[in-house]
Amino acid sequence: MFSTSRLASAEGTDPPGSVQTADAGAAIGGASGITPARPARQARRFPGWYRALSLLVVVGLWQLASSTGLLPASKLASPASIVHTAYTLIITNSPTYGTLQGSLLASFERWAIGFALGVSIGVLLAILTGLSRVGEIVADPILQALRSVPLLGLIPLFIVWFGIGQLPKILFVMLSALFPVYLNTFAGIRGVDSKLGELGRVLGLRRGEMIRHIVLPGALPSALTGLQLSVISSMLALVVGEQINATSGLGFMITQAQQFLNNSVIMVALIVYAILGLLLNGAVRLLERKALAWRRDFGA
Amino acid sequence: MAPRLRSVTNHRTERVAVPAPAHADPAAATASVRGLSRRFGDRAVLDDLDLDIAPGEFVALIGRSGSGKSTLLRALAGLDQEVTGQVSVAGPVSVAFQEPRLVPWKRVLDNVELGLRTGDPAGAAGTALSEVGLTERASAWPATLSGGEAQRASLARALVREPRLLLLDEPFSALDALTRITMHRLVVSLWERHRPAVLLVTHDVDEALALADRVLVLGEGRIAHSSPITLPRPRERDHPDLIALRLRLLTQLGVPAGDTD
Ligand SMILES: Nc1ncnc2c1ncn2[C@@H]1O[C@H](COP(=O)(O)OP(=O)(O)O)[C@@H](O)[C@H]1O
Ligand SMILES: [Mg+2]
């Protein structure tokens with residue numbers, strides 16, 4: 001910064017030493033690319049605005065189409081009525097739907113338990129199979145075989161096995177979270193730069209130290225990618241699993257609304273799902289940013 | 001330091017195994033290699049190689065690309081399980097590789113400290129970093145270091161283990177000429193302070209002439225040539241002895257005279 005302003009004022013026709021000219025020079029220098037950090041930050045801020053704007057425009061057109069009767073309320077509720085429905089669902093505990101926050105909590109709890117179990121088991125299995133050939137030979141074929149079974153196809157079987165309570169839904173979320181994180185963590189462990197393994201040997205690292213300092217951190221970027229995929233697939237599993245014989249949660253709300261042909265409640269539930277998904281995805285990205293601070297592309 | 005002596009060179013012809021120099025009694029040697037062979041497929045990269053490195057001796061190993069320099073160094077580092085022959089090294093060995101090989105997710109200080117088993121690892125690592133002039137970068141991520149800084153961190157990590165044998169595999173070849181000269185000075189001063197035996201692998205004849213007590217040429221899987229250099233450091237690049245030796249080494253490497261830079 002200091003050297004830039006000195007450079008700019010020395011280049012300019014104004015007498016050097018004036019604070020204002022130096023600052024102005026620096027600003028011009030920054031805009032013209034002498035300071036690379038600034039244009040990059042600006043370039044990131046502008047599309048964000050445009051995105052929010054384009055979303056607002058679409059919602060505006062939607063509202064317009066609803067108000068003019070172009071889009072009948074029986075097919076798709078207007079944004080205004082969706083907001084109103086959401087508000088009503090929050091402040092009143094209706095016998096048909098319960099409250100929105102209560103449903104959200106029930107769904108989130110179901111997701112969180114299943115996701116936590118799936119990710120923990122996935123990571124543990126990946127460490128087991130990634131670090132030992134025996135583990136790989138024993139466990140990997142089973143996991144690969146399970147993975148190729150379409151999860152949605154398991155739902156009838158789960159109902160037969162576990163009934164219609166919480167358990168099959170949580171297991172369903174768990175399984176769908178397990179595989180992405182397992183596969184990516186396994187690949188990450190196997191993909192750790194062998195040169196770093198060699199370095200570890202030269203430095204005399206013991207097996208435990210090698211795993212802690214080299215292998216697991218080296219697998220982390222890939223594992224976090226797996227975590228992101230797990231969030232997506234487990235959210236999908238939640239949405240599908242919840243609509244089967246649910247007695248609580250957003251999925252229950254949707255099945256009830258379906259019976260009463262209330263598409264605005266369905267829209268509210270879908271939007272809440274979407275927001276939940278966005279928030280969870282954002283949380284994983286934040287985690288990634290923190291955990292992978294050592295990468296140059298995350299800015300150190 | 002060594003008294004100012006004229007450099008002594010021996011005139012070995014190719015393919016004749018060089019007997020160990022008088023001072024290198026195998027029993028007293030820091031590193032001793034006998035009958036070392038390594039094959040890749042049906043190609044013998046190292047073929048019945050003998051080598052002794054005396055305590056505190058600075059040895060440079062030159063050879064054409066693919067002649068097996070890294071293979072020899074990896075054998076000395078204990079990284080190659082498939083060599084045949086005897087390799088014995090007295091005391092701890094450290095390696096600095098051509099790429100600095102810093103662990104990307106460990107800050108510079110943690111890299112230097114990694115696997116260190118002294119009483120105060122962080123203190124020792126900090127001292128090592130200050131020796132290579134990298135104290136301010138101690139908490140930096142490796143990805144943010146310049147090439148020279150990364151190589152200095154790698155040197156600090158190697159030296160902090162107080163090795164009896166320091167193996168350097170072309171550690172300066174990726175650096176610009178100016179940084180390389182700085183690094184040469186640094187390596188010599190570190191070596192003078194800690195006195196490990198050093199095996200510096202390089203393809204740069206001038207680097208070998210500037211730094212080493214003894215220059216070895218690897219050819220046909222053996223030490224094909226060995227020349228001691230007793231000139232004190234820092235050395236004039238144009239010293240008559242070095243000019244003569246440079247020519248001889250280049251001939252050994254199969255570079256015709258007059259074809260050099
Ligand atoms: N792991 C390996 N597998 C097959 N060939 C190898 C391997 N490592 C080295 N070589 C071969 O051995 C020869 C010597 O390699 P190296 O010791 O790296 O040479 P340099 O003298 O350039 O360091 C080269 O021809 C190389 O291709
Ligand atoms: Mg090499």
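Letters A, B, ... mirror the listed sequences (proteins, then strands); counts begin at 1.
Counting heavy atoms from C-beta outward, A/H213 and B/V103 have side chains that stay 4.5 Å or more apart. Using a 4.5 Å heavy-atom threshold, the side chains of B/P104 and A/D193 count as separate.
Annotation: the span from B/F97 atom CZ to A/E198 atom CD amounts to 5.0 Å, rounded to 0.5 Å. Note that the CZ atom of B/R161 and the CG atom of A/L203 stand 4.5 Å from one another [nearest 0.5 Å]. Here the CH2-CG distance, from B/W105 to A/L216, works out to 10.0 Å after rounding to the nearest 0.5 Å.
Heavy atoms of other residues, nucleotides or ligands lying less than 6.0 angstrom from CD of A/Q144 number more than 12. Around the CZ atom of A/R190, the shell of radius 6.0 Å holds more than 12 heavy atoms that belong to other residues, nucleotides or ligands. Applying the 6.0 Å contact sphere to CZ of B/R193 captures more than 12 heavy atoms from other residues, nucleotides or ligands. The neighbour count for B/L178 CG, taken as heavy atoms of other residues, nucleotides or ligands under 6.0 Å away, does not exceed 12.
The main-chain N or O of A/K195 is found under 3.5 Å from a side-chain atom of B/R101 such that the two form a donor-acceptor pair.
For A/L220, no part lies under 4.5 angstrom from a heavy atom of chain B.
Of residues 114-125 of chain B, those residues lying under 4.5 Å from chain A by any heavy-atom pair are B/L114, B/G115, B/R117.
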